[in-house]
Every structure is written in structure tokens, then in C-alpha cells.
K.L.:
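Below is a structure I'd like to ask you about.
Every heavy atom of this structure was used, including side-chain atoms; hydrogens, water molecules and symmetry mates were not.
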Amino acid sequence: MKPDLSVEVCGKKFKNPIVVASATPSKDALYMKKCVDAGAGGIIAKTVTYESKLQHYVSPRFTILHKKGWPHDFSNYSCEFLATYTPDEWAEELAASAEYCHKHDTILVGSISGSSLEIWEDLAKKMAATGVDMMELNMGCPHPRDLGYKSGQELGSDPEAAVEVLKTVTDAIDIPVFVKLTPEAISPLEMAKKMKAGGASGVTAVNRFPALDIDIETGRPLLHGSFAGTGGPWMRPIMLKWVAKIAREVDIPISATSGFWQWEDVVKAIMCGASTVQTCTALMYGTRGYRKIGDFIKGLESYMERKGYGSIAEFRGITLPQIISWDMVDRETKAISKVNPEKCTGCKMCPQWCFYDAISLDDEGTAEIDPGKCDGCGLCAALCPDDAIRMEGPKPVFLGDFN
């Protein structure tokens, strides 16, 4: 029997935990249909606003940093704003999307961003009326507004203002409301606590970082000449940290986002307590497009079959009790590095990584490690390009799978 990938969040059943984040892949009804057809368990629609400057895009608005690491390790860098539709036009797109989603057992979530409490209330009511199942409040968008009011990550960095907006929305609509958290300026954990107390049904953790990169020939900022947003696979450990911290201290559903690149990332987020995971960069910057959704699902399902998990609930949060406090970390047990001479190619790099003078090269150029000098730091084993160095000790060693 195949494992059950479904998850229930706030009374809504997702057929699987893979959710398309609020971004370009969910930019209109046509593209939200692509998400459904690809098998997504849920979709967060592009954020809608009344602010005209946020509806008009710049060109170009996407680039990539650290391209030599693509498609495995890189930074996306972009300045695409919110939905290009007016709220009335967007309501029509959402209504069409909701009808299609419901026919195909897919959860649709609206996303809004306002400039005043009245606007937040208006957008909430207008989008809820389209038939969406949930609402996400965008308090994490990395693009600075400079428009005379707080929104995006600026709003998400002001707990009092954020709670006021949250209460306005939850009083106006009767569907679950999630708050998308920013990783900048305030602890997402503390913000999650305040959102829970303020009536949020759940939180999305965490959005990309506001950032700046420049052209060194001119000194001009890249793309549109201002600050932009950045993320990528490197954000996974940061995202996992905040998901775990929130899951341990706040009894609230968490939708994890940022850093998802392969199915293993999905497993890790669920192990840290996430109910669902949101993907965007993998669809936009990867090599598989919307087919990546199926890759996530297939990988997750195969993993669960291999491990004997019948449901997501069986491994959700299993990492949390294994996270120990800093003062309880084992400082006595020692592992040491050992060379597999059959794998060593004599690249001669490892001696420069050893700050204990434990590594030398024999007459044939093969690395040798003096166990009496090895401090067991793990650097050589982690960096060896041929995986010719392993660590051994009286306890299991966890250096990761280097993927």
C-alpha cells in the first residue's frame, strides 16, 4: 500500500504537502492551472495590492549570483513585485483558479498586501469571496517600499502593527489566515508567538532576504538600481532553524519556504515540524519547471515507502526532541579522520586544510593521517573532492550527505 501523503491543516486537507509559493509560477489563472496539473497539493496566489507601483514590473528583474554553482548551489536575485492585476481583475483570476483547484482536490490560498487597515480589510473580503480556502498575509516580501507606509518585511518587523493588521483581517473573514514571516530585523520565533496570540491560524517561515549586489565597473546596483530579494538552496539551513524553533515553542501550523531544491529538503522540513512546504525557486531557476513538483512528490513517496512510514504524521517533528541545548553538547567523544588510499588521487589539497599538521603525503603522493595528531575537526573529510577521507569514532558521525 502506498503511503498517505495528505496533511490536514486548519481543517483543510492537502493531498500532499507540496505547495507552490506566492510568486511568478502562480501569477494568474493560467499558470495556477499549470500548478494544479503538475500535482501540487496547494497554491499560494501571487500577492494582490492596490498600489500601482507594485503592479508595474521593471526589466530585467531576474538574475543569478554564483552562476558557476548552478544548478546545485547559487543565489537567485530578483526584483519582481506583486500581481500585475487590479484587485477587481485579480478577483476574477482567483475565482477561476478556485473553481479549477476544487475540481482537482487542490487547496488555493489568497495572498494580500495593504497600505492601511481599511485596505487590508477590503482586500481580505474581496479575495475571500472568490472561494479561496485560506489567506496568507504578505508580511515578508523582501522588496523595500519607500511608499510612506509599512508593508512587506517592514510591516513584518513591527509586531504591534502586524498584529493590528492581522486582527483586522481575521475579524473580516472566516477562513484560516496565515502570516508570512520575514527573516530580517526581528526573530521569526518571537513574531510567530505574537501572530499566534493575535489570532493567526498559521505562519509561513521564512521569506527571502532583502539584499544588494552591484556592478563593480560602475558601482551601480544590479537590475533596477535598488535593493532586491535573494534566496536559493543555501537558505535551507536557515529555514530549517526557524521552522524548528517555532515548532518547538509555538503550537501553530507552519508552512516552510525558502531553500527547497530536492525532495530531501522536503523531508527535512517536515522532520523539523512543517505541515506543508512552499516551492518557487526550484520551479523558476531549475531545469524541470513545473515537473519539479512531481519530482518532490515522487521522492517523498519513495522515501516514505523505504522507511515504512504510512503517513506524514509518523515522521513530522522527529528532529525536534533530538536538538540538544548548547551546554549539553558532547565535548568528550572524539572521532578521527582516516584515508582510503584506493580513493585518494593525490590532489595534495588536504594538508593545507589541516591546522594540526596531522596530514602528510607518502612517496606516491597519497595522503596519510597521523591519528595522534588528528584533532577530529572534520574539515578534511568534508572537503576531500574524492571522498577519500572518512571519520570514525566510538559514536556515529554526522557530516551530512554532501548533497
K.L.:
So, Glu249 side chain and Lys245 main chain: donor-acceptor pair closer than 3.5 Å or not?
P.N.:
no
K.L.:
Return each pair, listed once, that meets side chain to side chain donor-acceptor pair (under 3.5 Å) where at least one residue sits in residues 376-396; pairs must be two or more places apart or across chains.
P.N.:
Asp330-Lys395, Lys338-Glu392, Thr345-Asp386, Arg390-Glu392
K.L.:
Give every residue pair that meets the salt bridge (Lys or Arg N to Asp or Glu O under 4.0 Å) criterion with at least one member in residues 57-67, sequence neighbours excluded.
P.N.:
Arg61-Glu80
K.L.:
Return the set of residues passing salt bridge (Lys or Arg N to Asp or Glu O under 4.0 Å) with Lys194 (not counting sequence neighbours), or none when no residue passes.
P.N.:
none
K.L.:
Hey, is the main chain of Ala29 close enough, under 3.5 Å, to the side chain of Glu93 for a donor-acceptor pair?
P.N.:
yes
K.L.:
Listing request: all salt bridge (Lys or Arg N to Asp or Glu O under 4.0 Å) pairs with a residue in residues 161-171, at least two apart in sequence or in separate chains.
P.N.:
none
K.L.:
Looking only at heavy atoms, which two atoms of Leu361 and Ala367 are closest? And how far apart?
P.N.:
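That closest heavy-atom pairing would be CD2-CA, 3.8 Å.
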K.L.:
To the nearest 0.5 Å, what is the distance between NZ on Lys27 and OH on Tyr85?
P.N.:
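The distance works out to 6.0 Å.
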K.L.:
Does Ile44 offer a backbone N or O that forms a donor-acceptor pair with the side chain of Ser26 under 3.5 Å?
P.N.:
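Side chain of Ser26 to backbone of Ile44: a pair is present.
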K.L.:
Counting distance only, does the side-chain N/O of Tyr303 pair as donor-acceptor with the main-chain N or O of Val267 below 3.5 Å?
P.N.:
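Flag not set: sc Tyr303 to bb Val267 has no pair under 3.5 Å.
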K.L.:
So, for Ser311 and Met304, which heavy atoms are closest and what is the spacing to 0.1 Å?
P.N.:
C-CE, 3.4 Å
K.L.:
If you take all heavy atoms of Pro60 and Leu223, which pair is closest and at what distance?
P.N.:
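Looking at all heavy atoms of both residues, the shortest contact is O-CD2, 3.7 Å.
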K.L.:
Among side-chain atoms of Ser22 and Thr47, is any donor-acceptor pair under 3.5 angstrom?
P.N.:
yes
K.L.:
Determine all donor-acceptor pairs shorter than 3.5 Å in which one atom belongs to a side chain in residues 289-300; sequence neighbours excluded.
P.N.:
unit_1: Tyr290; atom_1: OH; unit_2: Pro25; atom_2: O; d: 2.8
unit_1: Arg291; atom_1: NE; unit_2: Arg288; atom_2: O; d: 3.2
unit_1: Lys292; atom_1: NZ; unit_2: Trp261; atom_2: O; d: 3.1
unit_1: Asp295; atom_1: OD1; unit_2: Arg288; atom_2: NH2; d: 3.0
unit_1: Asp295; atom_1: OD2; unit_2: Arg288; atom_2: NE; d: 2.8

K.L.:
Closer than 3.5 angstrom, by distance alone: can the side chain of Asp357 be matched with the main-chain N or O of Ile359 as a donor-acceptor pair?
P.N.:
no
K.L.:
When you measure from the side chain of Thr182 to the backbone N and O of Glu154, does any donor-acceptor pair fall under 3.5 Å?
P.N.:
no
K.L.:
Quick one, Lys193 with Leu189, criterion side chain to side chain contact (heavy atoms under 4.5 Å, CB included). Give me CA distance, side-chain angles, the key distance, then yes/no.
P.N.:
CA-CA 6 Å; Lys193 291 178 179 178; Leu189 170 59; 4.0 Å; yes
K.L.:
Tell me yes or no: between the side chains of Asn76 and Ser78, is some donor less than 3.5 Å from an acceptor?
P.N.:
no
K.L.:
Among Ile246, Leu137, Leu166, Val177, whose side-chain contact (heavy atoms from CB on, under 4.5 Å) with Met195 holds?
P.N.:
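Of the listed options, the one satisfying the test is Leu166.
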K.L.:
What side-chain donor-acceptor pairs closer than 3.5 Å can you find for residues 231-242, not counting sequence neighbours?
P.N.:
unit_1: Trp234; atom_1: NE1; unit_2: Ser75; atom_2: OG; d: 3.1
unit_1: Trp234; atom_1: NE1; unit_2: Gly231; atom_2: O; d: 3.0
unit_1: Arg236; atom_1: NH1; unit_2: Asp265; atom_2: OD1; d: 3.0

K.L.:
I'd like to know if the side chain of Arg306 reaches the main chain of Tyr309, judged simply by a donor and an acceptor atom lying under 3.5 Å from each other, with no hydrogens or angles considered.
P.N.:
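Side chain of Arg306 to backbone of Tyr309, a donor-acceptor pair under 3.5 Å: no, none is there.
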K.L.:
Do any N or O atoms from the side chain of Lys348 and from the backbone of Gly365 form a donor-acceptor pair under 3.5 angstrom?
P.N.:
no
K.L.:
Judged by atom type as modelled, is there a donor-acceptor pair below 3.5 Å linking the side chain of Asp370 to the main-chain atoms of Ala358?
P.N.:
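Answer holds: no.
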K.L.:
With a cut-off of under 6.0 Å to the ring centre and 45° to the axis, is Lys103 in cation-pi contact with Tyr100?
P.N.:
no
